[in-house]
Amino acid sequence: MSRYDASAVEPKWQSAWDEAGVFRAERDENRPKYYVLEMFPYPSGRIHMGHVRNYTMGDVIARYKAAQGFNVLHPMGWDAFGMPAENAAMEQGGHPAEWTYGNIADMRDQLKPMGLSIDWSREFATCDAEYYGQQQAMFIDMLDKGLVYRKAATVNWDPVDMTVLANEQVIDGKGWRSGAPVERRELTQWFFRISDFSEELLEALDGLEKWPEKVRLMQRNWIGRSRGLQFGFETVGAPEGFGTLEVYTTRPDTLLGASFAAISPDHPLAKRLEADNPDIAAFNAECRKMGTSEEALETAEKKGFATGLRVKHPFDPAWEMPVYIANFILMDYGTGAIFGCPAHDQRDLDFARKYGLDVIDVFQPVDSDESVDDTAFVPPKTEKVRYVKGFAGDAVQTGEDAVEAAIDQCEARGVGKGVVNYRLRDWGISRQRYWGCPIPVVHCETCGVVPEKKENLPVELPRDVSFDKPGNPLDRHPTWRDVACPSCGKPARRETDTMDTFVDSSWYFARFTAPRAETPTTMADAEYWMNVDQYIGGIEHAILHLLYSRFFARAMHLTGHLPKKATEPFDALFTQGMVTHEIYVTRDDRDRPVYHLPGDIEWTESGARLGATGEPVEVIPSAKMSKSKKNVVDPVNIIRDFGADTARWFMLSDSPPERDVEWTAAGAEAAWKHLSRVWRLADEARAGTAPADGAADEALTRAMHRTIDEVTRGIEGFAFNKAVAKLYEFTNTVAKSKAGAETRRAALRVLAQLMAPMTPHLAEDIWAMLGGAGLVAEAAWPVADPAMLVEDTVTLPIQVNGKRRSEIQVPKDMAKEEVEKRVLADEAVQRVLAGAAPKKLIVVPGRIVNVVI
RNA sequence: GCCCGAGUGGCGGAAUGGUAGACGCAGGGGAUUCAAAAUCCCCCGGUAGCAAUACCGUGUCGGUUCGAGUCCGACCUCGGGCACCA
């Protein structure tokens with residue numbers, strides 16, 4: 001008996017697709033298009049199961065839409081700039097470009113055997129000069145439109161390595177290589193004016209109906225629109241020029257509960273004070289030793305320093321409050337200064353208890369007069385509370401109403417004004433690193449900052465650089481910086497900062513529509529292919545990548561690189577869950593974590609050990625697969641042993657696509673067995689050896705139509721695991737069916753079509769075996785006959801007091817009265833009723849009956 | 001710390017407010033075989049019972065409802081993000 005041999009079948013059909021050019025996407029104004037895009041990979045060098053899951057899902061959609069007659073664009077590229085390439089160069093020598101292009105070649109070789117329906121002719125890497133040159137051109141256009149500017153911003157500074165560190169490289173406040181305490185340092189950096197678009201980006205979220213609600217909510221919170229009061233405290237004893245201290249508050253209704261004011265260590269007043277006061281200078285210096293991340297600030301112990309200055313309460317000049325410098329105040333949010341109301345903010349309360357400050361109740365629960373003790377009273381703003389120290393509106397009102405009333409009252413009294421504030425900050429894109437897109441500007445002593453001329457683009461990265469010293473190799477390159485000023489022609493210096501890699505990934509989707517164009521995009525192609533109809537990627541990108549891309553699409557529209565309709569570039573978004581795996585860690589001599597690949601681990605009776613040395617390994621369960629943690633599983637082995645279809649089928653089975661899935665080896669075998677079984681069924685059907693009985697034809701045909709319907713709805717709803725379950729069911733039905741040979745063959749041809757988006761190679765093989773015309777990859781999607789989906793009788797479960805006790809079979813459209821009669825006649829119902837009448841009889845037609853006694 | 005999710009058999013999971021556990025894995029029993037592999041059939045949440053059946057059961061506690069895994073409130077645990085990882 002012949003057997004299914006994936007290693008022979010898969011390459012055969014891949015060649016057939018290639019020869020037929022099935023996946024080549026060409027603009028055709030007469031056909032409706034469909035653009036499927038998965039988030040492109042970082043070329044780490046090895047594909048992992050997360051990629052397999054991501055690209056399989058996208059491929060299911062792409063192939064399904066193609067079967068429905070759409071002109072599908074399904075491209076692939078590489079998010080190729082970034083730190084790992086430089087780290088590799090530092091650790092192993094070599095050049096980031098070599099490392100990156102080598103990895104891309106390796107990963108392409110690993111990806112191709114998956115049989116994805118990708119138009120490889122559109123492939124590019126963001127580190128190609130052709131790509132980043134176009135990005136530079138757009139940067140210049142955006143600079144021209146005022147979308148880009150420079151300002152000072154803080155970075156993590158490693159004082160030993162004399163280099164800027166990424167947040168990831170700061171571990172417990174210390175540099176990852178040097179171990180030296182990190183300092184915050186100010187540098188002049190390039191920014192995109194994303195915050196000018198705060199309201200626009202917020203409002204447009206409502207229109208993104210095919211995005212997950214949770215992503216829209218996360219973005220909404222990230223943008224963080226708030227309405228509050230901004231006002232100035234009159235200061236007492238402050239240096240000249242600091243007569244008032246501007247603060248912003250979202251809770252002006254608690255103004256009479258204020259007991260202190262606090263400013264950020266980076267506030268101009270704090271900086272002014274440290275000039276004459278060594279204690280303040282020391283405190284500020286201490287604060288600046290924290291990393292720059294919000295997480296580091298928020299989780300650090302809350303500390304304050306009493307400046308000795310005081311501010312006057314705006315309602316009562318006799319009421320003075322102390323001014324603190326506090327390590328948890330962000331200079332980037334509001335005015336960098338707040339007033340504290342300890343009774344109604346837990347952080348303020350902790351602070352007040354620590355420094356012995358007053359705690360003044362402003363409002364209390366409606367039905368209680370309990371004062372705040374160790375827990376701040378912070379009810380939802382929509383809840384009604386009783387104001388005991390209110391100054392505007394009713395005594396009993398919601399926080400929302402009180403805030404509005406307080407703003408009105410303050411404005412009337414001339415104390416500040418109501419303002420709208422956003423949490424969203426401008427997007428800092430300067431990176432003091434080599435392996436990124438050079439920012440195409442020149443610094444001239446005469447002309448200042450001048451954009452490079454477009455005809456000189458791309459500003460290419462020099463190849464002759466070394467990574468033997470920390471810091472930016474562009475800075476110490478002997479000649480690269482030297483350039484003639486594009487404006488006056490005198491000797492000038494190039495900008496040595498490169499762009500954040502988020503810039504690269506903020507427009508690649510647009511470039512795919514015309515990947516070889518000599519402008520960033522072409523209007524005809526962008527008009528036809530945009531928007532991305534279905535975008536698929538990890539939930540970890542819910543905020544930054546997606547928000548930056550939404551901004552960038554707007555900026556590209558304003559600079560003439562995208563049509564208006566593409567300002568929201570992703571029509572539908574699906575966020576897949578992550579593929580997780582255990583992490584294996586040992587510690588180095590400085591107790592820093594060292595991660596190990598699953599393949600390097602051996603399991604012994606005493607636990608996990610390093611295979612090479614026998615060193616015990618700490619196992620951290622179920623964590624996101626990531627390059628840096630090395631907890632990656634190699635799909636190449638799975639594909640080699642079982643074939644791509646098995647890996648694809650397994651990734652679609654069992655776990656819902658939006659949920660995390662922990663990789664287990666056990667399922668691969670099962671998936672392979674199932675695919676072999678399908679193939680065997682087809683082989684038998686071809687030979688006509690299965691037992692046949694024409695009377696069973698209708699049952700199988702009905703099951704077939706039901707399966708078409710269910711699988712179609714499963715794919716449409718991104719419920720691939722359910723579609724897979726239905727395909728399992730149908731396979732069992734076919735296997736057990738006594739239907740005649742022709743009906744079986746028809747059923748299996750439909751099975752091939754339904755499986756084709758998921759296991760395309762197997763599907764082609766059985767399609768050909770059973771006489772399907774042409775390639776199943778080019779066949780039209782089957783359509784269920786609605787008449788075949790209707791059932792004549794239904795099973796009606798009977799509950800007694802909500803518990804299932806019995807069931808009856810009734811015709812589908814039986815009248816309610818007749819159903820009630822049958823229910824009361826039911827043996828089990830009669831038994832519990834024991835002659836009495838039920839209190840209530842609930843009949844939900846076609847679904848259920850509940851007898852209440 | 002803040003924002004967003006998720007918790008259902010031994011495991012992955014299914015279930016428009018309407019029969020909890022579809023489908024798959026693992027496990028148990030059987031058929032086939034000289035034997036094995038492969039394949040096929042049956043069983044499979046817990047407790048009690050020969051059985052019919054009864055009771056318990058969807059992270060915890062409370063609520064709404066004829067009826068709650070599903071809705072509401074509080075909590076616990078795990079995961080993602082927090083602006084220089086990508």
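If you check every strand for non-hydrogen atoms under 4.0 Å, Leu217(A) touches sugar and phosphate atoms only. No contact: Arg347(A) has no heavy atom under 4.0 Å from any strand. Within 4.0 Å (heavy atoms only), Arg423(A) reaches at least one base atom of the nucleic acid. Across all strands shown, Glu669(A) has no heavy atoms under 4.0 Å from either base or sugar-phosphate atoms. Residue-level contact check: Thr299(A) touches the bases, meaning some heavy atom is under 4.0 Å from a base atom. Among the protein residues, Asp79(A) comes within range of the sugar-phosphate backbone only, with heavy atoms under 4.0 Å from sugar or phosphate atoms but none that close to a base. Within 4.0 Å (heavy atoms only), Val155(A) reaches at least one base atom of the nucleic acid. Among the atoms of the strands shown, none is found under 4.0 Å from any heavy atom of Val724(A). Nucleic acid contact for Ser430(A): base, since at least one base atom lies under 4.0 Å from a heavy atom of the residue. Within 4.0 Å of Glu729(A), counting heavy atoms only, lie sugar-phosphate atoms of the nucleic acid but no base atom. Gly82(A) comes within 4.0 angstrom of the backbone, heavy atoms only, and of no base. Residue Trp427(A) is classed as having no contact, given no heavy-atom separation below 4.0 Å to the nucleic acid. Contacts of Gln189(A) with the nucleic acid, taken as non-hydrogen atoms under 4.0 Å apart, include base atoms. Residue contacts shown for His674(A) are absent, as no nucleic acid heavy atom lies under 4.0 Å away.
Phosphate proximity of A83(B) to Arg425(A): absent, as no side-chain N or O sits under 4.0 Å from OP1 or OP2. Phosphate contact (OP1/OP2 of U53(B), side-chain N/O of Arg831(A), threshold under 4.0 Å): absent. When the side-chain nitrogen and oxygen atoms of Asn721(A) are compared with OP1 and OP2 of A14(B), one or more of them lie within a distance under 4.0 Å. Contact annotation: Asn167(A) reaches the phosphate of A83(B) (side-chain N/O to OP1 or OP2, under 4.0 Å).
Within the 3.5 Å criterion, the main-chain N or O of Leu205(A) finds a donor-acceptor partner in the side chain of Arg216(A). At distances below 3.5 Å, at least one donor-acceptor pair connects side-chain atoms of His344(A) with backbone N or O atoms of Phe377(A). Although no hydrogens or angles enter the test, the distance criterion places no donor-acceptor pair under 3.5 Å between the side chain of Glu820(A) and the main chain of Leu841(A).
Between G10(B) and G28(B), the two C1' atoms lie 13 Å apart (nearest whole Å). Taking the C1' atoms as reference points, G12(B) lies 33 Å from C2(B), given to the whole Å. Between G45(B) and C11(B), the two C1' atoms lie 13 Å apart (nearest whole Å). Nucleotides C76(B) and U60(B), compared at atom P, are 15 Å apart to the nearest Å. Between the C1' atoms of A38(B) and U47(B), the separation comes to 39 Å (whole Å). Rounded to the nearest Å, the gap between the C1' atom of C41(B) and that of A51(B) is 25 Å. Comparing the P positions of C4(B) and C72(B) gives a spacing of 14 Å, expressed to the nearest Å. Spacing between G9(B) and A14(B) at atom P, rounded to whole Å, works out to 13 Å.
Distance from the side chain of Arg659(A) is smallest to G13(B) among C82(B), G13(B), C84(B). Comparing atom distances between the Arg847(A) side chain and each of C25(B), C84(B), G18(B) picks out G18(B) as nearest. With distances taken from any side-chain atom of Lys722(A) to the nucleotides G13(B), A83(B), A15(B), the minimum falls on A15(B). Set against G13(B), G1(B), G5(B), the side chain of Glu298(A) has G1(B) as its closest nucleotide. Side chain of Thr501(A), nearest nucleotide from C82(B), A86(B), C23(B): A86(B). Relative to the side chain of Ala670(A), the nucleotides C56(B), U19(B), C25(B) differ in distance, and C25(B) lies closest. Among the nucleotides U19(B), C3(B), G24(B), the one closest to any side-chain atom of Glu807(A) is U19(B). Listed nucleotides: C4(B), U19(B), G1(B). Nearest to the side chain of Glu295(A): G1(B). The side chain of Pro656(A) approaches A14(B) more closely than any other nucleotide in the set U39(B), U19(B), A14(B). Listed nucleotides C85(B), G13(B), A83(B) differ in distance to Ser655(A); the shortest reach to its side chain belongs to G13(B).
Here the P atom of nucleotide C84(B) and the CD1 atom of Ile439(A) are 13 Å apart, to the nearest Å. With rounding to whole Å, Met39(A) atom CE is found 17 Å from C85(B) atom P. Atoms CD1 (Ile47(A)) and P (A86(B)) sit 21 Å apart, rounded to a whole Å.
The base of C66(B) sits with one of its N or O atoms less than 3.5 Å from a complementary donor or acceptor on the side chain of Asn850(A). Judged by distance alone with a 3.5 Å cut-off, no donor-acceptor contact links the side chain of Arg805(A) to the base of U19(B). For Glu294(A) against C82(B), no side-chain N or O and base N or O form a donor-acceptor pair under 3.5 Å. For C85(B), the base has no donor-acceptor partner in the side chain of Gln169(A) [N/O atoms by modelled type, under 3.5 angstrom].
At a threshold of 4.0 Å, the pair Arg288(A)-Asp266(A) counts as salt-bridged, since one of the basic side-chain nitrogens sits closer than that to a carboxylate oxygen. Here Glu213(A) pairs with Arg220(A) in a salt bridge; the nearest charged N to carboxylate O distance falls below 4.0 Å.
Here U32(B) sits opposite no nucleotide as a Watson-Crick or G-U wobble pair (both hydrogen-bonding atom distances under 3.5 Å). The base-pairing partner of G24(B), taking Watson-Crick or G-U wobble contacts with both distances under 3.5 Å, is C11(B). With both pairing distances under 3.5 Å, G79(B) is matched to C4(B) as a Watson-Crick or G-U wobble pair. Shown here, G18(B) forms a base pair with C66(B); the pair counts as Watson-Crick or G-U wobble because both key distances fall under 3.5 Å. Figure legend. A86(B) is base-paired to no nucleotide; pairs are counted as Watson-Crick or G-U wobble with both atom distances under 3.5 Å. Under the Watson-Crick and G-U wobble criteria, each requiring two contacts below 3.5 Å, nucleotide U60(B) is paired to A74(B).
Pro657(A) and Phe718(A) make their closest contact through CG-O, 3.1 Å (heavy atoms, listed as atom of the first residue, atom of the second, distance).
Note on ring orientation: taking the six-membered ring where Trp is involved, the planes of Phe192(A) and Phe552(A) are perpendicular (angle over 60°, cut-offs 30° and 60°). Relative ring orientation between His545(A) and Tyr535(A) is described as tilted, the plane-to-plane angle lying within the 30° to 60° band.
Considering Trp507(A), Trp78(A), Tyr508(A) as possible partners of Tyr131(A), the one that fulfils the side chain to side chain donor-acceptor pair (under 3.5 Å) test is Trp507(A).
The nearest heavy atom of RNA chain B to Phe502(A) and to Leu424(A) marks one nucleotide each, and the one closer to the 5' end goes with Leu424(A). Comparing Lys736(A) and Tyr728(A), the nucleotide of RNA chain B nearest to each residue sits closer to the 5' end for Tyr728(A).
G46(B) has its base anti relative to the sugar, with a glycosidic angle deviating from 0 by more than 90°.
For Glu186(A) and Thr154(A), the side-chain atoms include no donor-acceptor pair closer than 3.5 Å.
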